[in-house]
Amino acid sequence: MTTDNDIRIVEVPPGVFNATSTVPGDKSLSHRALILTAFAQGTSEINGLGTGHDVAATVRVLRELGITITGNQVVSKGIDAWTEPSGPLQCGNSGTTMRLVAGALAGRPYRAKLMGDRSLSRRPMSRLKGPLEALGATVGLSPIGTPPVEIAELAGKLSGRNVEIDVASAQVRSAFILAALQADGTSSVSSPFGFRDHTERWLESYERGRRLSRTTFEVYPGPLPTNRYDVAGDPSSAAFLWTAAAIRPGSKVTTTGVSLNPGRIGYLQVLESMGADVEAQVTTSIEGDPVGWVSVRGTPLQATEIAGDLTVATLDELPLVAVLAAMAEGVTVVRDAAELRVKESDRIASTVGMIRALGGGAEASNDGFEIIGTGWLESGVVDSVGDHRIAMASAVAAFGTLGPVHIHGAGVAAISWPSFYDDLETLWSSR
Ligand code: S3P
């Protein structure tokens, strides 16, 4: 692998590999562990936090709110003592930071303004407005519903409410839950199925919430305790390694200690439906969230169709589905994925662009894409368009391409996995 400025050239030697690997701490769990321990009064310990820039954005923002975070320790005087920020809170590229912190701040008796980088400044925040305002907060946005997000000073206390959210977004559900924890009575939230329910499981462990149905969660306001928490590995990061093995028949990778939350592992179901050999086992549970190992062995792949709940549970892995699909036989169709349009890039356009740049057949639709699988991809030049998952999916495609993959804007991988390219290289050096 060679690198020059922000260009990476990934070329994988022929042959099969067999590797066992760990991956960085889960991004979704890291944000939540930081925020939920900052709600508690006292000292918490979080081990294995995600190493990417997004998690660093949450650390930075919490420090601005008076929380002390050093090494693996989070010291807080409790949510009621979070201090008024002296200026705008910079969330960088991290939508999770912006949405979850906005939810937490909705119950604070002062004003706050959350800002993002160029990509985050284009992402929809109007989805926060209805749920948070139902509780009594006031949320200001740009005229087109994008950041900055301005939380107005609160007149009284938030009131418990039952709210239905029409978008399948774990971030919006979590924002609502974090605000509802500060209300004067019980609240509930319902939204379409398939979401990652990490926040819900954490609250259930402390009897601050209860599942009323598959999609409805009730929140009981009150304090949260401090914690000693181990962040499980990120399945959305592990998915890059699983894909490398899946598109090299005979290769195998085992990832240990990854989150197996049902809202995160739709991709394993997709891999199986395409014919890959998948084994997984839950070995423990942390705050009610399952953790375990996953092994994927590559075999010839066939096309598949993905829609509905499965799309939601595979959302962040859909660029990788495109790579698998290009290496498979037949036409793969992904539907119900309109949310991809408002990720770190328009991920329908950028995923289709990536496959085409590598000589594959891909067509965008309004709510997904179609990939014409030929069983191979050529070499090519892919622009990450500033999206970490596109940069990393392109690098992984090199395990199946006929020649090198040049990635422009490769460094953006650091958003979720700073050592990604080096860690990927250890796969084939394990041959
Ligand atoms: C996340 C939820 C998902 C996901 C994102 C992380 C979270 O976003 O795509 O990478 O940690 O709650 P949406 O809530 O917008 O679907």
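Along the sequence shown, the residues carry numbers beginning at 1. Indexing begins at 1, ligand by ligand and atom by atom, following the structure's order.
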Q) Does any N/O atom on Gln171 come nearer than 3.5 Å to any N/O atom on ligand 1? A) yes

Q. With side chains defined as the heavy atoms from C-beta onward, is the minimum distance between Arg99 and Arg123 less than 4.5 Å?
A. yes

Q) Which option, Ser236, Ser416, Ser28, Ser30, owns the non-hydrogen atom nearest atom 11 (O) of ligand 1? A) Ser28

**Q.** Arg196 and ligand 1 - part of the residue with a heavy-atom distance under 4.0 Å
**A.** side chain

**Q.** Other residues, nucleotides, ligands: >12 heavy atoms within 6.0 Å of Gln41 CD
**A.** no

Q | Minimum heavy-atom distance between Met392 and Ala413, given as atom pair plus value | A | CG-CB, 3.7 Å

Q.
Please list the nearest protein heavy atom to atom 14 (O) of ligand 1 with its residue and the distance rounded to 0.1 Å.
A. Ser169 OG, 2.6 Å

(Q) Would Lys343 count as a polar contact of ligand 1, with the cut-off being nitrogen or oxygen pairs under 3.5 Å? (A) yes

(Q) In the structure I gave you, are the side-chain heavy atoms of Leu181 and Leu224 within less than 4.5 Å of one another anywhere? (A) yes

Q: Considering the heavy atoms of Asp316, write down every atom of ligand 1 situated less than 4.0 Å from one of them.
A: 4 (C), 5 (C), 9 (O), 10 (O)

Q. Should the proximity of Ala168 to ligand 1, defined as any heavy atom under 4.0 Å, be assigned to the side chain, the backbone, both, or neither?
A. backbone

Q: Going by heavy-atom distance to atom 12 (O) of ligand 1, choose the closest among Arg32, His198, Arg264, Lys27.
A: Arg32

Q. Does the side chain of Ser28 come under 3.5 Å of the side chain of His198 through a donor N or O and an acceptor N or O?
A. no

Q: Check Asp316, Asp234, Asp289 against Arg264 for a salt bridge (Lys or Arg N to Asp or Glu O under 4.0 Å) and give me the one that passes.
A: Asp234

Q) If you count the atoms of ligand 1 from 1 in the order shown, which ones are under 4.0 Å from a heavy atom of Ala170? A) 12 (O), 14 (O)

(Q) Looking only at the side chains, is there a donor atom on one of Thr311 and Arg335 sitting less than 3.5 Å from an acceptor on the other? (A) no

